[in-house]
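Counting starts at 1 for both ligands and their atoms, in listed order. These figures come from a predicted structure and were not determined experimentally.
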Amino acid sequence: MYLLIPAAGSGKRMGADRNKLLLQIRSKPLIAWTLLAAEAASSISWIGIVSQPPDWDDFKSIIADLRLKKTIELISGGSTRQESVYNGLQALPSHAKRVLIHDGARCLATPNLLNACSEAIIDCFGLIAAVPVKDTIKVVKDNGVIKNTPDRQQLWAAQTPQGFDVKLLKQCHDEGIRQGWEVTDDAALFEKCGIEVRIVPGEETNLKITTPQDLAMAEFILSSRE
Ligand code: CTP
Ligand code: MG
């Protein structure tokens with residue numbers, strides 16, 4: 001399976017002086033944990049890291065330190081996650097039929113979850129890992145007043161990995177560019193094009209590391225795995 005790792009953000013909400021993926025968790029850069037999970041997932045054979053060229057020296061030395069055996073490519077990122085994935089798709093080997101996309105910032109996803117998604121995408125066109133939401137979710141208007149409360153039974157929190165048929169995902173990205181759609185995950189492009197996306201059970205611990213609090217949570221979760 002081909003794996004694209006969007007890693008080209010700047011980590012604004014983390015408020016650090018560099019890409020949050022280069023911050024340390026338990027004495028390793030955040031992205032190293034993501035790469036170790038990908039290396040350990042037997043289904044993955046090719047890894048494309050979509051990242052900003054100014055970060056490449058850091059990424060190269062992280063990759064070298066981890067002594068990864070799988071093929072790793074560095075691909076130039078864009079100014080949004082959507083653009084970064086688009087660039088990643090263009091850089092896939094031409095024979096790639098299916099792809100998993102997994103955020104660099106989700107460094108707690110297990111090899112098992114990556115393998116489960118690789119297996120499930122073989123007989124569908126699109127899928128995402130997700131978990132049922134535990135909170136009651138409110139839709140709130142700009143003036144700070146609640147508009148409504150969607151039925152929690154139907155609400156799931158989207159995670160990555162997300163898996164797709166490469167040809168269809170490229171078509172959906174192209175349509176997104178034509179229509180000016182701005183989305184925060186790839187499944188949303190499939191949905192807008194009317195293509196079915198399945199749910200694969202995600203992991204409660206598969207956090208997207210976004211704020212300093214998440215870094216502390218990641219430290220705790222990784223130490224509890226030892
Ligand atoms: N990402 C990317 N290219 C971008 C923006 C984001 O590849 N132009 C990646 C991030 O590196 C991250 C993933 O998409 O692995 C999810 O994005 P997010 O958690 O929002 O990371 P950042 O955009 O870096 O953080 P922030 O939104 O706080 O600036
Ligand atoms: Mg972002």
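The protein heavy atom nearest to atom 29 (O) of ligand 1 is Lys12 N, 2.7 Å. Atom 24 (O) of ligand 1 has its closest protein heavy atom at Gly11 N, 2.8 Å. Among protein heavy atoms, atom 20 (O) of ligand 1 sits closest to Arg13 NH2, 2.9 Å. For atom 12 (C) of ligand 1, the nearest protein heavy atom (residue, atom name, distance) is Pro6 O, 3.8 Å.
Between Asp55 and Leu21 there is no side-chain heavy-atom pair separated by less than 4.5 Å. Put simply, the side chain of Arg198 reaches to within 4.5 Å of the side chain of Asp123, judged on heavy atoms. Gln24 is listed as a side-chain neighbour of Pro29, based on a closest heavy-atom distance under 4.5 Å. For the pair Val131/Glu203, no side-chain contact is recorded, criterion being any heavy-atom separation below 4.5 Å from C-beta on.
Residue-level proximity to ligand 1 for Lys20 is carried by the side chain, the only part with a heavy atom below 4.0 angstrom. Proximity of Ser79 to ligand 1, defined as any heavy-atom pair under 4.0 Å, is confined to the backbone N, CA, C and O atoms. Residue contacts with ligand 1 for Ala8 involve both N, CA, C or O and side-chain atoms from C-beta outward (heavy atoms, distance under 4.0 Å).
The N/O atoms of Met14, backbone and side chain alike, include none that comes under 3.5 Å of an N/O atom in ligand 1. Considering backbone and side-chain N/O atoms, Lys208 comes within less than 3.5 Å of an N/O atom of ligand 1. Where the criterion is an N or O separation shorter than 3.5 Å, residue side chain and backbone included, Asn19 fails it with respect to ligand 1. The distance criterion of under 3.5 Å between nitrogen or oxygen atoms is not met by Ile209 with respect to ligand 1. An N or O contact shorter than 3.5 Å is missing between Thr210 and ligand 1 by distance. Remark: ligand 1 and Leu21 share no N or O pair separated by less than 3.5 Å (distance only, no angle test). Residue contacts with ligand 1: Val50 is placed with no nitrogen or oxygen under 3.5 Å of a nitrogen or oxygen of the ligand (distance criterion only).
Residue Ser84 has at least one heavy-atom neighbour below 4.0 Å for each of these atoms of ligand 1: 2 (C), 3 (N), 4 (C), 7 (O), 8 (N). Using a 4.0 Å cut-off to heavy atoms of Gly104, the atoms of ligand 1 that qualify are 15 (O).
Nearest residue to atom 8 (N) of ligand 1 from Ser10, Gly9, Gly77, Gly78 is Gly78 (criterion: closest heavy atom). Selection from Asp185, Val85, Asp103, Thr160 by nearest heavy atom to atom 16 (C) of ligand 1 gives Asp103.
Within 6.0 Å of the NZ atom in Lys70, the count of heavy atoms belonging to other residues, nucleotides or ligands exceeds 12. Other residues, nucleotides and ligands contribute at most 12 non-hydrogen atoms within 6.0 Å of the NZ atom of Lys134.
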Next item on the list: Report the C-alpha distance between Lys28 and Asp65 in whole Å, list the side-chain angles of each, state the deciding distance to 0.1 Å, and finish with yes or no for salt bridge (Lys or Arg N to Asp or Glu O under 4.0 Å).
Entry: CA-CA 10 Å; Lys28 282 192 182 65; Asp65 286 349; over 6 Å; no
TODO: Start with the C-alpha distance between Asp185 and Gln162, add both sets of side-chain angles, then the distance that settles side-chain hydrogen bond (donor to acceptor under 3.5 Å, both in side chains), and finish with yes or no.
DONE: CA-CA 9 Å; Asp185 76 349; Gln162 304 199 344; 2.9 Å; yes
(request) Using the side-chain contact (heavy atoms from CB on, under 4.5 Å) rule, take His173 and Asp186 through it: C-alpha gap first, then chi angles, then the decisive distance, then the call. (result) CA-CA 8 Å; His173 268 268; Asp186 297 281; 2.8 Å; yes
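Considering all non-hydrogen atoms of both residues, Gly104 and Ile31 come closest at CA-CD1, 3.8 Å.
Using a cutoff of 4.0 Å between basic side-chain nitrogens and carboxylate oxygens, Arg98 and Asp165 are scored as salt-bridged.
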